[in-house]
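Working notes, beginning with the structure itself.
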Amino acid sequence: MAGELRHEGPVGRVPNAYALIMLGAPGAGKGTQAREVSQALHIPAISTGEMLREAARQKTAPGLIARDVMDAGGLVSDGLVCSIVEQRLREPDSAGGFILDGFPRTPGQAQFIDRLIRDGWHVEPVAINISVDRESIVKRLTGRRVCPVCGSIYNIYLNPPRLPNHCDLEGTPLMQRADDREDVIRERLLHYDQGAKPLLDHYRQGGHLIEIDGNRPPGELTKAILRAIRSV
Ligand code: AP5
């Protein structure tokens with residue numbers, strides 16, 4: 001775990017401020033939805049996967065450790081992930097709420113973020129669990145392509161760019177993530193299956209869980225998520 005918390009986050013309740021926690025299997029659409037909801041609610045979307053990949057691109061020591069684990073489909077240590085999340089949440093743009101995409105994934109991470117929110121942020125935690133059929137998940141992951149510049153997410157089968165293999169916004173060639181190979185996908189799904197239940201139980205027991213059927217087009221899914229959040 002990261003070291004002792006220094007409670008430098010904004011103290012005091014911010015009305016209608018949320019800590020949205022996107023849960024769901026790899027490929028469920030957490031990243032796609034986090035970007036849309038972020039724009040709709042004007043709060044930052046914070047992806048631990050993206051931060052770890054950036055650290056690996058920068059070849060920092062933690063980034064290189066994380067890269068080997070990610071490329072094998074495993075989970076990066078709680079200590080490393082919690083410390084990058086805490087650091088990111090102390091940026092001023094998180095003061096009015098934030099979206100966590102891909103965090104927490106273990107009971108240790110869940111306890112860490114509970115404590116951080118309770119002692120520093122005082123925003124309303126809401127976990128959104130996006131469920132998608134396993135068959136669709138594999139298609140979503142093997143077909144995913146991302147823009148290396150702006151991070152836009154496409155799918156060659158389900159949501160192709162206008163010009164094949166080029167970002168609609170940047171015009172740059174799209175990339176396939178190193179962990180979107182079938183053997184690595186199997187490993188990632190295995191880790192997800194092992195870890196999902198305790199996390200879902202944690203948020204269900206706290207009365208903070210919203211279940212969302214992710215087997216529908218992205219736009220419809222965004223509307224359903226926003227409706228559910230606003231009804232909390
Ligand atoms: P991370 O980057 O978080 O990957 P993930 O959880 O496996 O999730 P994905 O990003 O693969 O999928 P997604 O649900 O965001 O789907 P997306 O919207 O892209 O983590 C990567 C690795 O980092 C982990 O394996 C681990 O090693 C490490 N890591 C990260 N966080 C960690 C943590 N907290 N602790 C320890 N280790 C950690 O969509 C997928 C595809 O589907 C796209 O092509 C998209 O266009 C398409 N799509 C999306 N929505 C729809 C829809 N509604 N209909 C049709 N297609 C859709």
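In this text the structure is predicted, and so the values were computed from the model without any measurement. Remember, it's 1-based here, ligands and their atoms both numbered in the order they're listed.
Regarding atom 27 (O) of ligand 1, its nearest protein heavy-atom neighbour is Gly74 O, 2.6 Å. Ranking protein heavy atoms by distance to atom 39 (O) of ligand 1, first place goes to Thr32 OG1, 3.7 Å. For atom 7 (O) of ligand 1, the closest non-hydrogen atom of the protein is Arg188 NH2, 2.7 Å. From the protein, the heavy atom lying nearest to atom 35 (N) of ligand 1 is Gln109 NE2, 2.9 Å. Among protein heavy atoms, the minimum distance from atom 43 (C) of ligand 1 is reached at Ile153 CG2, 3.5 Å. When only non-hydrogen protein atoms are considered, atom 15 (O) of ligand 1 lies nearest to Gly31 N, 2.8 Å. Closest protein heavy atom to atom 31 (N) of ligand 1: Thr48 OG1, 2.8 Å. The single protein non-hydrogen atom nearest to atom 37 (N) of ligand 1 is Val76 N, 3.1 Å, given as residue, atom name and distance.
By the criterion of a heavy-atom distance under 4.0 Å, the side chain of Leu52, and not its backbone, is placed next to ligand 1. At a heavy-atom distance under 4.0 Å, no atom of Tyr192 approaches ligand 1.
Summarising the local packing, CD of Glu135 is surrounded by 12 or fewer heavy atoms from other residues, nucleotides or ligands at distances under 6.0 Å. Dense packing is recorded around CZ of Arg134, with more than 12 heavy atoms of other residues, nucleotides or ligands lying under 6.0 Å away.
Close N/O approach between Ala28 and ligand 1 is found [any backbone or side-chain N/O within under 3.5 Å]. Checked by distance only, ligand 1 and Phe103 stay at 3.5 Å or farther apart across all their nitrogen or oxygen atoms. Of the N or O atoms in Asn155, one or more lie within a sub-3.5 Å distance of an N or O in ligand 1. Considering backbone and side-chain N/O atoms, Met70 never comes within less than 3.5 Å of an N/O atom of ligand 1. Residue contacts with ligand 1: Asp179 is placed with no nitrogen or oxygen under 3.5 Å of a nitrogen or oxygen of the ligand (distance criterion only). Residue Gly102 places at least one N or O, backbone or side chain, under 3.5 Å from an N or O of ligand 1.
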Run Asp180 and Arg188 through salt bridge (charged side-chain N to carboxylate O under 4.0 Å, His left out) and show every step you take. CA-CA 10 Å; Asp180 277 347; Arg188 288 162 64 199; 2.9 Å; yes
side-chain hydrogen bond (donor to acceptor under 3.5 Å, both in side chains) between Glu182 and Thr142, worked out: CA-CA 7 Å; Glu182 280 197 38; Thr142 51; 5.6 Å; no
Given Asp93 and Arg88, is the salt bridge (charged side-chain N to carboxylate O under 4.0 Å, His left out) satisfied, shown in steps? CA-CA 9 Å; Asp93 65 341; Arg88 176 62 184 86; 2.8 Å; yes
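Looking only at side-chain heavy atoms (C-beta outward), Tyr18 and Val123 stay at 4.5 Å or farther from each other. The closest side-chain heavy-atom distance from Pro44 to Ser38 is not below 4.5 Å. The closest side-chain heavy-atom distance from Arg145 to Met175 is not below 4.5 Å.
At a 4.0 Å cut-off, not a single heavy atom of Arg145 sits close enough to ligand 1 to count as contact. At least one heavy atom of Leu141 sits closer than 4.0 Å to an atom of ligand 1. Residue Pro218 places a heavy atom under 4.0 Å from ligand 1. Under a 4.0 Å heavy-atom criterion, Pro104 is not in contact with ligand 1.
Between the Thr222 side chain and the Glu36 main chain, no donor and acceptor come within less than 3.5 Å of each other. The closest donor-acceptor contact from the side chain of Asn155 to the backbone of Arg140 lies under 3.5 Å.
With rounding to the nearest 0.5 angstrom, the CG atom of Asn129 is 11.5 Å from the OH atom of Tyr203.
Selection from Glu50, Arg105, Lys30, Met51 by nearest heavy atom to atom 1 (P) of ligand 1 gives Arg105. Closest heavy-atom approach to atom 51 (C) of ligand 1 among the candidates Arg144, Arg53, Arg140, Arg216: Arg140. Which of Arg177, Gln33, Lys139, Met22 comes nearest to atom 10 (O) of ligand 1 through a heavy atom is settled by distance: it is Arg177.
Residue-ligand proximity, Gly27 to ligand 1, at heavy-atom distances under 4.0 Å covers atoms 8 (O), 9 (P), 11 (O), 12 (O), 13 (P), 14 (O), 16 (O), 40 (C). Listed by atom number, the atoms of ligand 1 under 4.0 Å from Pro217 heavy atoms are 53 (N). Under a 4.0 Å criterion applied to the non-hydrogen atoms of Ala25, ligand 1 contributes the atoms 14 (O).
Salt-bridge check for Arg204 with Asp201: passed, with a basic side-chain N closer than 4.0 Å to an acidic carboxylate O. A salt bridge links Arg57 with Glu50: the closest approach of a Lys/Arg side-chain nitrogen to an acidic carboxylate oxygen falls below 4.0 angstrom. Look at Asp114 and Arg118 and you find no salt bridge, because none of the NZ, NE, NH1 or NH2 atoms lies under 4.0 Å from a carboxylate O. In summary, Arg177 and Asp71 do not engage in a salt bridge, as defined by a charged side-chain N under 4.0 Å from a carboxylate O.
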